[in-house]
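A short write-up of the structure that comes next.
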Amino acid sequence: MESETRNAMSKVIDLRSDTVTRPSPAMRKAMAEAEVGDDVYMEDPTVNRLQERAAEVFAREAALFVPSGSMGNLTCIMAQTERGQELICEAAGHVYNYEMASLAALAGVLPRVISTTDGIMTWEQIAPAIREKIYTRPQTALVALENTHNMAGGTVYPTRLAHAICDRAHEAGLKVHLDGARIFNAAVYLGQEVAELTKKFDSIQFCFSKGLGAPVGSMIVGSNDLIGRCRMIRKMLGGGMRQVGVLAAAALVALEDGPKRLHVDHENAKLLAQGLAQMPRIHIQPEKVQTNIVLYDIGATGMSSSQFLQQLSVRQVLGGPVDDRRVRMVTHLDVARRDIEQALKVIGEVVGKGL
Ligand SMILES: *Cc1c(COP(=O)(O)O)cnc(C)c1O
């Protein structure tokens, strides 16, 4: 009993990312009991079931299970570009900043980035970035959107805007990829189905390993033709997995149960943002927090974000730096409302004192 109390008190509140969740007992049970086969032969019944279910949820022809979101994005980029072509994406986007430059190093694609304040691009910003059809110029092949936008603070594309970008891009002969790592968070925020949000994209990647709570895995969704090409590219990248039904089983639980509770993460993020807004020397606009990611500026404390985060971590609260002044915290299924209250108490102590 005593040690339980101690454990409870010393519990680390990990707000670095929604990737840190541990599989639930239901997931572990499903994993232990999963029926498996060799997925490179397309004979893993659990993977097949997961892919069919994902295609159904997104109202698309087909889907392909991949080990990570980064591989999902890269696979979709490679399937829809040729070496030397250009991809238009947002300047703070994941494909440009957090995937080891794989789009350049492995796909041979030149990124053309557009800076925004909230991660959300408009067609008016994209159109001038499309290359003229002059043979000495690299040719634009693909536009990539990110919904929700991670480093802009979990911001959501208005569906009409995303649809308009797809329509205009298609008219211009371009394909459009969606990095939908957190597309279910966007769907919960908007009160719309993911199938509706994503219906005009040529390829979609979404993560099971973020807010949905699975330990591993992402999915690519699209046409039969796209998925056929992606399956070959996935193999080329070393992502052909064998009895991977053990992971697909967890992802199936995540796909069915995960979206139902994301609103709780959004409420907790709001609570965190509203609490932070009350504190001296912290700058945040809580009304801008839409989903499960909270960005705030601690520059006025006189601490750098790494000094600030160090002060929090000795008090068992973890966050991540965005840059020297800004901090990012992400809510997920392993943090409860009381953990947010505790995190706010700790942050209050740290900013109250300053350095
Ligand atoms: C997490 C994430 C990915 C994929 O990350 P992996 O760690 O490779 O699974 C892709 N895009 C965004 C926006 C993400 O947040």
Side-chain angles (χ1 to χ4, degrees), residues 14-21 23 54 63-78 87 89-103 105-107 111 113-114 116 118-121 142-157 162 176-187 189 194 197-198 201 203-221 230 233-234 237-239 241 244 247-248 250-251 254-255 258 262 265 269 290-295 319-322 328-333:
D14 193 344
L15 299 167
R16 288 172 301 167
S17 174
D18 47 8
T19 58
V20 301
T21 59
L64 184 71
F65 191 50
V66 288
S68 70
S70 297
M71 192 188 284
N73 285 334
L74 175 60
T75 302
C76 291
I77 291 168
M78 291 178 79
L87 167 148
C89 63
E90 206 277 330
H94 202 278
V95 292
Y96 184 55
N97 295 285
Y98 303 101
E99 299 184 5
M100 298 298 300
S102 64
L103 68 88
L106 301 176
V113 301
I114 293 174
T116 67
D118 58 1
I120 306 300
M121 298 187 290
L142 187 64
V143 178
L145 309 190
E146 187 174 315
N147 194 15
T148 67
H149 194 296
N150 185 343
M151 278 299 156
T155 47
V156 176
Y157 265 91
V176 193
H177 171 66
L178 176 65
D179 179 354
R182 296 183 180 80
I183 193 63
F184 285 92
N185 295 85
Y189 174 75
V194 289
L197 267 58
T198 61
F201 288 88
S203 58
I204 300 140
Q205 179 280 124
F206 73 93
C207 294
F208 295 111
S209 58
K210 304 274 168 80
L212 301 187
V216 180
S218 276
M219 193 66 92
I220 298 169
V221 191
C230 285
I233 294 164
R234 181 187 68 175
L237 296 173
M241 300 178 285
V244 69
L247 297 181
L255 185 58
L262 289 176
D265 297 345
Q290 296 178 322
T291 57
N292 69 326
I293 301 178
V294 179
L295 300 188
V322 177
R328 189 181 79 132
M329 289 185 164
V330 187
T331 58
H332 52 75
L333 60 85

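Counting begins at 1 with the first residue of the sequence. What you see is a predicted model; the values in this text were computed from it and never measured. Counting starts at 1 for both ligands and their atoms, in listed order.
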Considering heavy atoms of the protein only, find what lies nearest to atom 4 (C) of ligand 1 and give residue, atom and distance to 0.1 Å. Gly69 CA, 3.4 Å
With rounding to the nearest 0.5 Å, note down the distance linking CD1 in Ile204 to CD1 in Ile183. 8.0 Å
Part of Ala181 within contact of ligand 1 (heavy atoms, under 4.0 Å): side chain
Check for a donor-acceptor pair, side chain of Gln290 on one end and backbone N or O of Val156 on the other, with a separation under 3.5 Å. yes
Centres of the Phe206 and Phe208 rings: under 6.0 Å? yes
Candidates Met71, Gln205, Met151, His94; heavy atom nearest atom 5 (O) of ligand 1 found on His94
Within the structure provided, determine whether Arg182 and Ile293 are in side-chain contact (heavy-atom separation under 4.5 Å). yes
Please say which of Glu146, Glu99, His149 ends up in a side-chain hydrogen bond (donor to acceptor under 3.5 Å, both in side chains) with His94. Glu99
Atom 11 (N) of ligand 1 [closest protein heavy-atom partner, distance rounded to 0.1 Å]: Asp179 OD2, 2.6 Å
Going by distance alone, is a donor N or O of one side chain under 3.5 Å from an acceptor N or O of the other, for His177 and Ser203? yes
So which bit of His149 gets within less than 4.0 Å of ligand 1, heavy atoms only: side chain, backbone, both or neither? neither
Distance, nearest 0.5 Å, that separates CG of Leu237 from CG of Leu106: 7.0 Å
Ignoring angles and geometry beyond distance, decide whether Ser70 reaches within less than 3.5 Å of ligand 1 through its nitrogen or oxygen atoms. yes
Please determine which of Arg328, Met329, His332 meets the side-chain contact (heavy atoms from CB on, under 4.5 Å) test together with Ser17. Arg328
What protein heavy atom lies closest to atom 13 (C) of ligand 1? Include the residue and the distance to one decimal. Glu146 OE2, 3.2 Å
Measuring to protein heavy atoms, does anything land under 4.0 Å from atom 7 (O) of ligand 1? no
Side chain, backbone, both or neither: Asn73 near ligand 1, heavy atoms under 4.0 Å: side chain
Atom 14 (C) of ligand 1 [closest protein heavy-atom partner, distance rounded to 0.1 Å]: Lys210 NZ, 2.9 Å
Atoms of ligand 1, numbered as shown, that sit under 4.0 Å from any heavy atom of Ser68: 8 (O), 9 (O)
Can you tell me if Glu99 contacts ligand 1 (heavy atom of the residue under 4.0 Å from the ligand)? yes
Please confirm whether Arg182 comes under 4.0 Å of ligand 1, counting heavy atoms of the residue only. yes
Does the side chain of Asn292 reach to within under 4.5 Å of the side chain of Lys210, using non-hydrogen atoms? no
Using a plain distance cutoff, I'd like to know if Asn150 has any nitrogen or oxygen under 3.5 Å from a nitrogen or oxygen of ligand 1. yes
